[in-house]
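Please read the structure below before turning to the comments.
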Amino acid sequence: MYGLIWRLLPGPVPVKLVLALALLAGAAALLWYVVFPWADPYMPFNDGAVDVPGN
């Protein structure tokens, strides 16, 4: 799959490298600002309360 993306990117190797890094940064930003905040309330590890007997 990464080879397919690399072949589809236009230009010589330096241009392909810059475009690949831009795609990687865009995917990371999409996950960081959209997907993870959306999925956060549904994660089971958000209930981190510790019950102490006697309190």
Side-chain angles (χ1 to χ4, degrees):
M1 177 161 177
Y2 298 114
L4 174 67
I5 293 171
W6 186 259
R7 284 190 300 269
L8 289 177
L9 291 174
V13 172
V15 173
K16 287 183 175 188
L17 185 62
V18 169
L19 290 173
L21 290 175
L23 284 173
L24 182 65
L30 178 70
L31 288 172
W32 191 265
Y33 292 111
V34 177
V35 175
F36 293 152
W38 171 79
D40 185 44
Y42 304 109
M43 294 293 149
F45 47 79
N46 286 335
D47 300 328
V50 176
D51 292 332
V52 177
N55 286 336

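Along the sequence shown, the residues carry numbers beginning at 1. What you see is a predicted model; the values in this text were computed from it and never measured.
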Members other than V18 in its cluster, when Ile, Leu, Val, Met, Phe, Trp, Tyr link by side-chain heavy atoms under 4.5 Å? none
Could you check if a side-chain atom of W6 sits within less than 4.5 angstrom of a side-chain atom of L19, using non-hydrogen atoms only? no
Let me check something: do L24 and M1 share a hydrophobic cluster, defined by ILVMFWY side-chain heavy atoms less than 4.5 Å apart, either directly or through other members? no
What residues form a side chain to side chain contact (heavy atoms under 4.5 Å, CB included) with L30, not counting sequence neighbours? V34
With a cutoff of under 4.5 Å between side-chain heavy atoms, which Ile, Leu, Val, Met, Phe, Trp and Tyr residues group with L4? L8
With sequence neighbours left out, the residues meeting side chain to side chain contact (heavy atoms under 4.5 Å, CB included) with V35 are L31
Could you work out, with ring pair (Phe, Tyr, Trp, His ring centres under 6.0 Å) as the rule, every residue matching W32, not counting sequence neighbours? none
Got a sec, which residues hit side chain to side chain contact (heavy atoms under 4.5 Å, CB included) with P12, two or more places apart in sequence or on another chain? P14, V15
